[in-house]
Amino acid sequence: MNLVTPATLSSTAASARGAIKIYGEGDTEVRALDGVDVAFQRGQFSAIMGPSGSGKSTLLHCLAGLDQLTGGAVFLGDRNISALSETELTKVRRDQLGFVFQAYNLIPTLTAYENIVLPTALAGREPDHPWVDRVIDVVGLANRLTHRPSELSGGQQQRVAVARALANHPEVVFADEPTGNLDTKSRGEILRFMRLAVDEFDQTIVMVTHDPVAAAVADRVVFVSDGRIIDEELAPTAENLSSRMTRIEG
Amino acid sequence: MFKLLIRGIRAHIVRFLLTGLAIILGITFLVGSFVITDTIRVSFDDLFTQLTKGTDAVVQGPLTAGSVSNPDEQEKRDPIPASILAVVRQLPGVADAEGNIQTNSEQPIALISADGKPIGGKTAPQFGYGWLRNPDFSPWRIAIGRAPTADNEIVIDAQSARDGKLNLGAQVLVNAPPDNARRYNLVGIARFGRVDRPIGATGALFTMSEIQRITRLPAQFREIYVHAKSGVSSNAIRAQIAGALRVSNANVLTGNQYRQQQQNQIRKVLKFVYIGLFVFGGIGLLVGGFIIFNTFTVILAQRTRELALLRAIGAAPVQVVLSVLGEAVVVGLLASALGVLGGIGLAISLRAVLDALDLALPAGDLVVQLRTVGFGMAVGTIVTMIAALVPALRTARIRPIAALRESAVEQPLPRRSRGLIGGFVMSAGIAAVFVGLFTKVDNSVLLAAAGAVVAFTGVFIISPLLVPPAARILGFVPSRTRGMAGRLARDNAYRNPRRSAWTAIALTLGVAIVGLVTIVTASFKQTIAAALDNQLGTTDYFIAGTLSPDITARVSHVPGVKAAMGISFVEPTIQLADNTRPNDARLVLAIDPKQLQTFVNLGAIDGDLANLANNGIAVPRSFANRHHVHVGSQLYARFPKAQLQLTIAVIFEKRVFDRPALLIDHALYNRVAALPFDIFSVAIAEPGVDTAKGTEAIKKELHDYPTAVVKDFAQFKADQEKQIDQALFLFYGLLLLAIVIALIGIVNTLALSVHERTHEIGLLRAVGTSRKQIRTTIRWESVIISVFGTLLGLAIGIVFGAIFVMSLRTQNLVTKLDFALPRLAVIAVIAGLAGVIAAVLPARRAANLNVLDAIRTE
Ligand SMILES: Nc1ncnc2c1ncn2[C@@H]1O[C@H](COP(=O)(O)OP(=O)(O)OP(=O)(O)O)[C@@H](O)[C@H]1O
Ligand SMILES: [Mg+2]
């Protein structure tokens, strides 16, 4: 299924074309991505679902310039980032992307606030203070800013991570199972913030998740299996996602 | 458990070797010192025993009255009249006997080749001997030519002859004050037993009558060697001689006793080599101990989970501790074994160096005694185990639940008790240092050294408390100039204060010692410079050497020279009217009373220097006050050639050349000294005379005194400082080694920290930190830690340097305290750069981590 059409290209925030990723050689060869074509629209909240080992994380990492493809290309907007040098990729990640991982998202020696503005500080720039204040306000961390990660709960830590991902006006935020380690309440909060970021700030988010409840918050869900995009859902609900997943896994 | 241990060590073999490196080097020095000194001793013992085995008894003169029998100084003995030789020869058990004379430091000779160069090198002492007829009594053997038979004939040792390219028939000048130089014909070249010359010294052999003339000992000997008739034991012959010489109070020894005495002399010389190497070995081990302690602490903190898992599956705390100690034993044994091998290697190379320095040792096998190997292995292993003990015991507190927790359990000592314990230990150490340095107790040096080690341990305990403030201050620079990377560096430097402090501690120790030595030597240099300026401020020329007394007169007649004064010294036994012997009146300088105040500023004086001419003596005010004497009081002095009653003619304010010296008239000295000569001569130029030209004029006047070294005074002062610096050079070289070891410790811990922070570094890279920024972070962390260690070391060095200089001051050895700040600044900069170097490898590793792999590890 080819989801990249000329009509969608202009409004595309991130996309992959013919993406192939092979780990290992010979007998141990694993095709983690086996010819993926996918595009994610600006201002949309997209989710990637699929069974364990299907290549979700690999796809996300390649889209985000954290990993190199074996074949094909990935684009950030119209820009082909597959051919960039490590130094250029680092700049792209710092200035144009945001990240949220499943856990251990924060630098333990820095306070919550310092973690939030870390990418701007790394670039040697002043943060956009009104914007950062607003983000902090929205994620509800105003009274936790001087705490260090070890003094925050897991949910609070993930909120700091989301705030950091947003603080830099990124073109895309990539999140790999951001709620995977959280209880129901914290999960709800984090998902609400991400939804808010898309609705209010016109942010683009691509999130990998196992969880139908989490994915249901997205505008669109793509399904990955054995390194291929096999399906998509444009009106996701927890119920229809669950049943689709059961079908894919079964 | 044992399998686990071996696996653990095999997995980290490089790390273990790095950890053990300091121990390896420490043991290398310890074992090296044993092997080289044993080797030297045994080969000389062999040589000497073999060469003098025909000597059954030896007669020596009685100990010179008043010669202090300090075991570290050469004994002084009176000569023996030749009549005693005649008596000995008459004895029924004596087959043969011969007398001998050897020059000594009181009767120096200078051997000069025809082209004016000293024979045997500039530094080697030169000795003259009489030629002995009977080879049983002497180690000297003619290699080429023949023995001296006429008084103008000379034989030179083989090595000096070779170095000076002297062939038979060459002319050799010998300057033996108070005579002017004489010419001798080289008729033979001799070897000293199996070697070419005695260790480090040049030897010249003369006829017996000539050496007696040179040393002004006509019809006298220093020693008589006796060969017994066959069947007469050495004890019997000794008893026979002693009986015959009852009234002469001569000292009679058996051949074995004599050889023992000579071997003891060699041992005294060796003691310095030995102590030197031993001290460096000790420092190396101390540094090594700290590095091992720190590495084990870090590694075990990182392995908390693994060890907790062991506990969870049923290992007892004791088993965990034992497994850690087991690792320490393996590291210790391995490192010690390598150190023993290294020590043997060091001894071999030291022997090569000594060869190159013309201090050739007798050939012979390297002496590696079992006790050397045992001692090296034991010390290295024990130090390693002690260093690992505290971290190992800490693992006993790890609870199984820690296996499930994320963070490593490090339970540092609470700040208060750390401060209290550390402060107490440090104070106890400093107190011991003070007692050792400032009071008279037995083994004071050992006490002071032990005190210093204890005080340093106190610093070690306290140092983690100093890290946060220090890192904040030092981190100001990178956090201002290097942005986020700099701030991360600062935060990393104090996120684990204990680790940072203890990573730096080996560097601290090295720098402290370098700083202390620098301050002490700078103070010595200042003292000398100040003494020269204060005391000889008006001087323009300085003539050094073993000078015949008439040199000064000749210099004073050189056109352009206003005045000249020769100075000499004696060390008579002084006795006060109440029969006490003051211990602060060892040195007596001979001066010219008429010239003295032209050259030397004595400060306020009581009495009249002119009165020195009538058996007068001048004493410093401090001496007068301490012993309650005044102008007109009487003293008794026993000089080599006379015993005199002297009258205190003058009491003066300032010390002469900064020594607590008494002064006598040079004319008196010439009458009472064994062999009068001047140690130096000073001269003042007429106003307006160019001292460079003046120096040339004086050199020309003294061309027939090849041993006199003429310098203008500024040059002389510069040379003095240069000499001290040169002596320091070797020392700095060896301490550099300690600092290099310390750096390896820093590399080691940084690498461990990078490993530990893999995930964090991956995260930083993911959110946009460049490789360069990662390198910057690690580099500045290393610089902060190194500079912290260096500054702490400098502080310790300054405090102990000041204490040490103060103690030297109470002994009047120095008068100035110079902190040598420019030099200390250079040390600080070097240590900072060292931090940069130490960071290179860990920083590269951190920067090259694969981002995804790093994020995946937790
Ligand atoms: N570094 C690697 N080396 C070898 N194989 C890898 C590596 N990383 C991933 N793989 C393999 O690639 C495939 C896809 O892995 P990926 O991590 O993308 O799966 P995923 O969909 O994220 O699974 P999960 O839901 O469990 O996180 C898997 O079969 C995995 O074993
Ligand atoms: Mg995954």
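Proteins get letters first, then strands, A, B, ... in listed order; numbering begins at 1 in each.
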A.B. asks: Among Asn850(B), Asn492(B), Val851(B), Asp491(B), who wins on heavy-atom pairs under 4.5 Å with chain A?
C.D. replies: Asp491(B)
A.B. asks: Please classify the contact between Gln773(B) and chain A as side chain, backbone, both or neither, with a heavy-atom cut-off of under 4.5 Å.
C.D. replies: side chain
A.B. asks: To the nearest 0.5 Å, tell me how far Lys772(B) NZ sits from Thr87(A) OG1.
C.D. replies: 10.5 Å
A.B. asks: Indicate the atoms forming the closest heavy-atom contact of Ala766(B) with Phe99(A), along with that distance.
C.D. replies: O-CE1, 3.2 Å
A.B. asks: Does anything in residues 49-60 of chain A pair up under salt bridge (Lys or Arg N to Asp or Glu O under 4.0 Å), and if so which pairs, sequence neighbours excluded?
C.D. replies: none
A.B. asks: Would you mind reporting whether Leu488(B) and Glu114(A) have side-chain heavy atoms less than 4.5 Å apart?
C.D. replies: no
A.B. asks: Can you tell me which residue among Arg93(A), Arg164(A), Arg94(A) is in a side chain to side chain contact (heavy atoms under 4.5 Å, CB included) with Val767(B)?
C.D. replies: Arg164(A)
A.B. asks: Is the count of non-hydrogen atoms from other residues, nucleotides or ligands lying under 6.0 Å from Arg134(A) atom CZ greater than 12?
C.D. replies: no
A.B. asks: Rounded to the nearest 0.5 Å, how far does CG of Leu764(B) lie from CD1 of Ile107(A)?
C.D. replies: 3.5 Å
A.B. asks: Would you please name every residue forming a salt bridge (charged side-chain N to carboxylate O under 4.0 Å, His left out) with Asp226(A), sequence neighbours left out?
C.D. replies: none
A.B. asks: Give every residue pair that meets the salt bridge (Lys or Arg N to Asp or Glu O under 4.0 Å) criterion with at least one member in residues 119-129 of chain A, sequence neighbours excluded.
C.D. replies: Asp95(A)-Arg125(A)
A.B. asks: Highest number of heavy-atom pairs under 4.5 Å with chain B: which of Leu97(A), Asn168(A), Asn105(A), Val92(A)?
C.D. replies: Asn105(A)
A.B. asks: Just checking Tyr23(A): does its OH atom have more than 12 heavy atoms from other residues, nucleotides or ligands closer to it than 6.0 angstrom?
C.D. replies: yes
A.B. asks: Give the interface residues of residues 64-71 of chain A toward chain B, defined by a heavy-atom separation under 4.5 Å.
C.D. replies: Leu66(A), Asp67(A)
A.B. asks: Any idea which of Pro108(A), Ser150(A), Gly98(A) has the most non-hydrogen atom pairs under 4.5 angstrom with chain B?
C.D. replies: Pro108(A)
A.B. asks: Kindly check if the number of other-residue, nucleotide or ligand heavy atoms within 6.0 Å of CZ (Arg228(A)) is above 12?
C.D. replies: no
A.B. asks: Within a reach of under 6.0 Å around CD of Glu29(A), are more than 12 heavy atoms found that belong to other residues, nucleotides or ligands?
C.D. replies: yes
A.B. asks: Pick one of side chain, backbone, both or neither for Arg765(B), based on which atoms fall under 4.5 Å of a heavy atom in chain A.
C.D. replies: both
